[in-house]
Amino acid sequence: MIPAASPAPQPASAHDGGRGGDWRRLWRESVRDPRELLALLGLEAAALRISDAAAAQFPLRVPRGFLARMRPGDPHDPLLRQVLPLDAEMQPAPGFAFDAVGDAAARAGHGVIRKYRGRALLIATGSCAVHCRYCFRRHFPYAEETAAAAGWEQALQALRADPGISEVILSGGDPLSLATGKLAELTAQLAGIAHVRRLRIHTRLPVVLPERVDAELSDWLRSLPWPVAVVLHANHAREFDADVDAACARLRAARPAGGELVLFNQAVLLRGINDSAEALEALFERGYAAGVLPYYLHQLDRVQGAAHFEIDDARALALHAQLVARLPGYLVPRLVREVAGDLSKRPLA
Ligand SMILES: *Cc1c(COP(=O)(O)O)cnc(C)c1O
Ligand code: SF4
């Protein structure tokens with residue numbers, strides 16, 4: 001899990017010249033107290049069954065800009081439900097484990113997870129700007145496992161040693177929670193590995209803290225010698241607003257030296273949040289309006305504390321079939337589940 005004292009991003013350095021400093025301030029000003037969150041939304045803590053034990057296990061964290069997209073007075077708000085620690089998380093749920101997706105077994109080097117052909121996933125950092133209650137990494141031993149913490153070197157050795165790796169996936173945690181200079185250190189080293197031909201970035205930051213996509217980040221993206229895929233993570237249409245649209249536009253405009261930058265979104269099917277054909281259709285339509293194509297729709301990873309979000313496969317398949325009937329093919333994501341030991345995400349439909 002992400003430790004309660006999850007590391008804050010490094011303070012802006014002197015040579016930063018103020019560029020890119022703003023998102024760090026917004027990060028630090030995030031709401032971390034569930035009662036403050038509810039008070040800001042005009043909700044009664046008692047009525048919502050918030051859990052201090054769940055918050056102690058995986059602390060609340062919400063940037064104020066994301067909070068501003070929640071509907072005041074609505075205890076069922078789909079954005080609120082993704083971040084609020086509830087009693088339900090502490091109920092025992094058979095079959096829900098600490099390492100739901102077999103990451104511990106697939107570890108190939110410090111912070112490197114190698115499960116699928118051609119692709120290596122780098123746990124760049126354990127920090128995230130928002131803490132999502134359903135996250136399969138809520139119990140991951142980030143302190144020991146992040147590639148940045150080890151100065152990248154062990155991760156780079158693992159990547160250099162395996163010529164079968166053509167794509168490096170920056171994940172976490174949220175890799176864009178690292179200072180841009182830290183990311184640039186990594187990509188400068190990756191550029192020296194001839195078999196790496198693609199870079200992918202899995203990030204929720206442009207959605208939850210769109211200010212992260214600043215001029216410094218765009219300059220870094222433009223400097224990269226590979227095509228870049230950015231896979232965002234939004235689960236509900238209301239996560240998009242004008243600021244997120246603008247961040248997506250800035251990302252798409254930051255064309256890497258080595259190819260195009262393409263924006264995708266992955267979402268998780270979540271009971272009470274997006275488990276209707278209407279909600280999902282609105283999400284993929286809204287994403288497309290921001291220039292984002294749907295990639296995967298994930299069945300929940302069965303991680304301890306997330307059982308109350310689960311939707312059974314029959315219902316998931318029925319929802320997917322409704323999407324196929326409603327949307328153009330390019331706006332229908334693949335419905336998948338991650339199964340430990342499989343050679344890819346497992347398609348359900
Ligand atoms: C999901 C995942 C990937 C990427 O899989 P794609 O199907 O290419 O999106 C790569 N490595 C690991 C460890 C993963 O969990
Ligand atoms: S941002 Fe991603 S990695 Fe971080 S808590 Fe949310 S789902 Fe998990």
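Both ligands and their constituent atoms are indexed starting at 1 by order of listing. Numbers for residues simply follow the sequence, beginning at 1. Note that the coordinates shown come from a computational prediction; the quantities given were computed from them, not determined experimentally.
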Relative to the heavy atoms of H233, which atoms of ligand 2 are at a distance of less than 4.0 Å? 7 (S)
Looking at atom 6 (Fe) of ligand 2, is there an N, O or S atom belonging to C132 that lies under 2.8 Å away from it? yes
Answer yes or no: does atom CZ of R117 have more than 12 heavy-atom neighbours from other residues, nucleotides or ligands under 6.0 Å? no
E260: partners by salt bridge (charged side-chain N to carboxylate O under 4.0 Å, His left out), with sequence neighbours left out: R255
Atoms in ligand 1 flagged as close to I113, the criterion being non-hydrogen separation under 4.0 Å: 13 (C)
Result of checking V244, N265, L79 against E239 for side chain to side chain contact (heavy atoms under 4.5 Å, CB included): L79
Atoms of ligand 1, numbered as shown, that sit under 4.0 Å from any heavy atom of Y296: 6 (P), 7 (O), 9 (O)
Touching ligand 2 at all, V130? Heavy atoms, strictly under 4.0 Å? yes
For ligand 1, which is the ligand I care about here, please tell me if Y116 has any N or O atom under 3.5 Å from one of the ligand's N or O atoms. no
Heteroatom N/O/S of C128 within less than 2.8 Å of atom 8 (Fe) of ligand 2: no
Tell me, do E281 and L327 make a side-chain contact under 4.5 Å, heavy atoms counted? yes
Test item: R114 side-chain N/O and Y116 main-chain N/O as donor-acceptor pair under 3.5 Å: yes
Pick one of side chain, backbone, both or neither for how R200 approaches ligand 1, counting any non-hydrogen atom pair under 4.0 Å. side chain
Tell me which part of R114 gets within contact of ligand 1: side chain, backbone, both or neither, using heavy atoms under 4.0 Å. neither
Please confirm whether E338 approaches ligand 1 to less than 4.0 Å, judged on its heavy atoms. yes
Atom indices of ligand 1 within 4.0 angstrom of Y295 heavy atoms, with elements: 6 (P), 7 (O), 8 (O), 9 (O)
Given that the side chain starts at C-beta and the backbone is N, CA, C, O, which of these parts of V231 lies under 4.0 Å from ligand 1, counting heavy atoms, or is it both or neither? neither
Would you check if there is a donor-acceptor pair between the side chains of W220 and T187 at a distance under 3.5 Å? yes
Near R204, which atoms of ligand 2 are under 4.0 Å from a heavy atom of that residue? 1 (S)
State which residues pass side chain to side chain contact (heavy atoms under 4.5 Å, CB included) with P347; sequence neighbours excluded, sorted by chain then number. none
Which ligand 1 atoms, with their elements, are less than 4.0 angstrom from a heavy-atom of I169? 3 (C), 4 (C), 10 (C)
Quick check on contacts: which atoms of ligand 1 are under 4.0 angstrom from a heavy atom of R119? 5 (O), 6 (P), 7 (O), 8 (O)
The single option from Q157, Q189, K182 that satisfies side chain to side chain contact (heavy atoms under 4.5 Å, CB included) with W152 is K182
So does P227 get a backbone contact from the side chain of R198, meaning a donor-acceptor N/O pair under 3.5 Å? no
Grouping I, L, V, M, F, W and Y whenever their side-chain heavy atoms are under 4.5 Å apart, do F264 and Y296 come out in a common cluster? yes
